[in-house]
Amino acid sequence: MNLEKLIRTNIKAMQPYSSARDEFTDFDQKMIFLDANESPFENGVNRYPDPQQQAIKLVLAEQKSVNPNQILLGNGSDEVLDLIFRAFCEPNRDNVITLPPTYGMYGVLANLNAIENREVLLSSDFQPEIERILEKVDANTKMIFLCSPNNPTGNSFSDESIVTLLENFNGLVVLDEAYIDFSEKESWLTKLNDYPNLIITQTLSKAYGLAGIRMGILYAAPEIITVLNKIKPPYNLNVLSQQKALEVLSDGKLIKTKTNLIKGEKRNLLKQLLEVNFIRNVYPSEANFILIKVDDANTRYNQLLEKGIVVRNRNNQPLCENCLRISIGTPEENEFLINILKTL
Ligand SMILES: *Cc1c(COP(=O)(O)O)cnc(C)c1O
């Protein structure tokens with residue numbers, strides 16, 4: 001892979017915005033800050049946030065055994081995914097490959113950025129069809145999006161598939177690990193140094209319980225991070241979000257406990273769902289949700305709504321006919337769900 005050839009020409013040529021906080025970075029020093037036109041009256045958030053979110057990156061680097069210069073943080077995964085489109089994909093010329101049924105944002109971001117989205121359906125057991133994917137690649141294919149564990153199917157992709165794509169595709173392989181904390185498989189982060197074309201995204205929205213603060217994480221080679229830093233909005237993560245992230249990240253034990261609770265609830269739910277007479281299939285799950293196939297998804301969706309339970313109707317997704325996706329809730333919520341399902 002030649003990174004220089006992947007970057008859009010305007011991005012290569014542009015000068016990034018240099019914020020006040022970029023130019024004078026030693027924020028801990030006892031100085032009088034008159035450089036950013038902020039209000040001088042302390043209220044906890046009167047100063048601009050650290051544009052590089054150094055404190056959070058140090059914690060993540062330590063916990064994930066990566067270098068801080070391999071990390072980019074964004075306002076949710078949405079932002080880091082959008083940034084890679086903007087950095088590498090030339091509108092109305094380039095294309096990306098996505099593998100439905102999968103997370104809808106890849107396709108939305110492709111559309112938004114005027115990038116062709118070449119869809120290659122997963123196999124019937126929800127694995128990437130490697131040959132068909134590689135057939136779709138041409139000189140303008142910049143990225144392949146892999147979501148593993150995949151949303152909404154819940155399974156992870158085989159190691160062989162991922163390696164084959166990393167080794168045979170000259171562009172970037174984007175591996176979305178939003179649900180990795182619920183999986184028995186280890187993250188591909190340990191392979192980051194082996195594959196210069198690997199981008200891994202994770203999020204604080206699921207296992208970390210911080211969907212509300214919007215924090216997505218992208219891990220990649222430092223050269224890729226440098227390009228993305230050049231185009232990201234300078235203050236993309238606000239002070240309150242950064243504080244909350246630090247607070248939660250520093251209590252790894254609590255996250256582990258909660259994740260294990262969810263995994264236990266999932267095992268229990270997987271068993272009980274099999275006992276519901278209109279459920280035709282319960283798919284295995286390495287995430288914090290379960291995909292089920294029912295007799296009639298629209299009917300069952302509406303029946304659940306009437307009982308006060310909102311699930312995700314995936315009926316209109318390819319390979320997901322009559323499928324509902326159910327997030328794992330609290331033990332009480334899951335018990336309520338099962339009791340309702342058994343009465344329908
Ligand atoms: C939930 C989810 C995310 C998280 O997105 P955020 O913008 O970080 O909240 C990312 N990828 C997938 C596949 C998801 O299901």
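In each ligand, atom 1 is the first atom listed, and ligand 1 is the first ligand listed. Fair warning: this is a prediction, and the values are worked out from it, not measured in the lab.
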Considering only protein heavy atoms, which is closest to [atom], and at what distance to one decimal place?
atom: atom 11 (N) of ligand 1; answer: D176 OD2, 2.7 Å
atom: atom 14 (C) of ligand 1; answer: K206 NZ, 3.2 Å
atom: atom 15 (O) of ligand 1; answer: Y179 OH, 2.6 Å

Atom indices of ligand 1, in the order listed, that fall short of 4.0 Å to a heavy atom of [X]:
X: S205; value: 6 (P), 8 (O), 9 (O)
X: G76; value: 7 (O), 8 (O)
X: A178; value: 2 (C), 3 (C), 10 (C), 11 (N), 12 (C), 14 (C)
X: C147; value: 13 (C)

Does the residue R214 have a heavy-atom contact with ligand 1, meaning some pair of atoms that are separated by less than 4.0 Å? yes
Where does the angle between the aromatic ring planes of Y106 and Y103 fall among parallel (under 30°), tilted (30 to 60°) and perpendicular (over 60°)? perpendicular
Counting only heavy atoms, which portion of [X] has something under 4.0 Å from ligand 1: side chain, backbone, both, or neither?
X: D78; value: both
X: E79; value: neither
X: S77; value: both

Measuring only between side-chain heavy atoms, which start at C-beta, is F145 closer than 4.5 Å to L175? no
Other residues, nucleotides and ligands only: do more than 12 of their heavy atoms fall within 6.0 Å of CD on E62? no
May I ask you to check whether over 12 heavy atoms, not counting those of R132, lie within 6.0 Å of atom CZ? no
Ignoring hydrogens and geometry beyond distance, is a side-chain donor-acceptor pair present between N95 and D138 at under 3.5 Å? yes
Are side-chain N/O atoms of N236 and Q53 paired as donor and acceptor at under 3.5 Å? yes
Please say which of L218, D176, L189 ends up in a side chain to side chain contact (heavy atoms under 4.5 Å, CB included) with Q202. L189
Identify whether NZ of Lys or CZ of Arg in R300 sits under 6.0 Å from the centre of the six-membered ring of F278 and within 45° of that ring's axis. yes
